[in-house]
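The block underneath contains the structure these notes are about, expressed in structure tokens.
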Amino acid sequence: MTSIRQLGKSIAAEVVDIDLSQPLDAPTQAQILDAFYTHQVLAFRNQKLTPEQYLRFGRYFGELEPFFLSRYNLENYPNIYVLSNVKKDGKLIGRYGAGMHWHSDHTYQEAPASATFLYAIEVPPEGGDTLFINNYAAYESLPEDVKQRIEGLRAIHHYHTQEHLYTAESSVSEEMRQKIAAHGQEEGATKTVIKQSQTEIPDVTHPIVRTHPVTGRKALYLNEALAIGIEGMPEQEGKELLQFLCDWAVNHTELYRHKWQVGDVVVWDNPSMMHTGTFTDPKYPRTHYRLTTTGSVPY
Ligand SMILES: O=C(O)CCC(=O)C(=O)O
Ligand SMILES: [Fe+2]
């Protein structure tokens, strides 16, 4: 057994005195999963893991699934997806600049990811934090008439490359946006991403109010970039309602900001949260290894 230290008032906790390079016994696994569904995001500091040890830890949370853009999966480890701004021989060693808007992961899938893990390999001296909010609290804080209006509505999720949006950070200057976009340009990579996404990913719809498959609680289920409309509603009205809900969620709930240290492992619960990456100056290397567990069809 281990101990859990709350990080935010209503979300996020750190699991202390634990070495994830060792197998965890059943009571410790149960304690961690319980803390996960209570706090929604868990951090483990100072870890030093081989890919196998990291994968073993991930499997305590469910079945792992490879990311569909295999271009960025770690060699010989298809379930480990590399996020990075680092270039080797002129090529990015991982996916660069994704997730820079409020979202839940893989909402373009019929059964979107359940848990997502990031393990920090290289961390910039400033910037590159990851932000989290609680979508149970977002739903619960809505005015009653809004709750009634959105009951039963389904959002349309459409996969497209959404790097460098930084919608959660209006402070990123236009000049820096261009620098970031230029850094992401690389022969083949972006084009391949777009081509694969257009051929492999049909649109899906998901309820805007989702019942959590484990806790049974209701949460908003949103994606600021990939949810492009609401089924059966004029396009503009749908977009405005989705943006209103996203802004509401961000402005009416506690935000947890994770400041990364090398060796951090952070895992979050996608059905009940939104998160966003934040700006990193491309001159600073930033690399994470990412895992996701298979989720269920939202209802
Ligand atoms: O890079 C980050 O901070 C977040 C990236 C992200 O959204 C993800 O890995 O799902
Ligand atoms: Fe994400």
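Whatever order the structure lists them in is the order used to number ligands and atoms, beginning at 1.
Residues Ile201 and Phe68 meet the side-chain proximity criterion, which asks for heavy atoms closer than 4.5 Å.
At a cut-off of 3.5 Å, with distance as the only test, no side-chain donor of Gln22 or Gln53 sits close to an acceptor on the other residue. Side-chain contact of Thr294 with Glu65: a donor-acceptor pair under 3.5 Å is present, judged by distance alone.
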For ligand 1, output the ligand-protein N/O contacts shorter than 3.5 angstrom; if there are none, return none.
{"unit_1": "ligand 1", "atom_1": "1 (O)", "unit_2": "Arg286", "atom_2": "NH1", "d": "2.9"}
{"unit_1": "ligand 1", "atom_1": "3 (O)", "unit_2": "Thr130", "atom_2": "OG1", "d": "2.6"}
{"unit_1": "ligand 1", "atom_1": "3 (O)", "unit_2": "Arg286", "atom_2": "NH2", "d": "2.9"}
{"unit_1": "ligand 1", "atom_1": "7 (O)", "unit_2": "His103", "atom_2": "NE2", "d": "3.1"}
{"unit_1": "ligand 1", "atom_1": "7 (O)", "unit_2": "His275", "atom_2": "NE2", "d": "3.1"}
{"unit_1": "ligand 1", "atom_1": "9 (O)", "unit_2": "Arg290", "atom_2": "NE", "d": "2.8"}
{"unit_1": "ligand 1", "atom_1": "10 (O)", "unit_2": "Asp105", "atom_2": "OD1", "d": "3.0"}
{"unit_1": "ligand 1", "atom_1": "10 (O)", "unit_2": "Asp105", "atom_2": "OD2", "d": "3.1"}
{"unit_1": "ligand 1", "atom_1": "10 (O)", "unit_2": "His275", "atom_2": "NE2", "d": "3.3"}
{"unit_1": "ligand 1", "atom_1": "10 (O)", "unit_2": "Arg290", "atom_2": "NE", "d": "3.3"}
{"unit_1": "ligand 1", "atom_1": "10 (O)", "unit_2": "Arg290", "atom_2": "NH2", "d": "2.9"}

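Note: Tyr136 and His212 have tilted aromatic rings, judged against thresholds of 30 and 60 degrees for the angle between ring planes.
Within the sub-2.8 Å shell of the Fe ion (ligand 2), the protein contributes these N/O/S atoms: His103 NE2, Asp105 OD1, His275 NE2.
Taking the six-membered ring wherever Trp is involved, the centroid distance between the rings of Tyr60 and Phe36 does not fall below 6.0 Å. Between Tyr289 and Tyr77, the ring centre distance reaches or exceeds 6.0 Å.
When every heavy atom of Arg149 is checked against every heavy atom of Leu153, the shortest pair comes out as O-CD1, 3.4 Å.
Under the salt bridge (charged side-chain N to carboxylate O under 4.0 Å, His left out) criterion, Glu151 pairs with Lys218, not counting sequence neighbours. Partners of His288 under the ring-ring contact (aromatic ring centres under 6.0 Å, His included) rule, at least two apart in sequence or in another chain, are Trp260.
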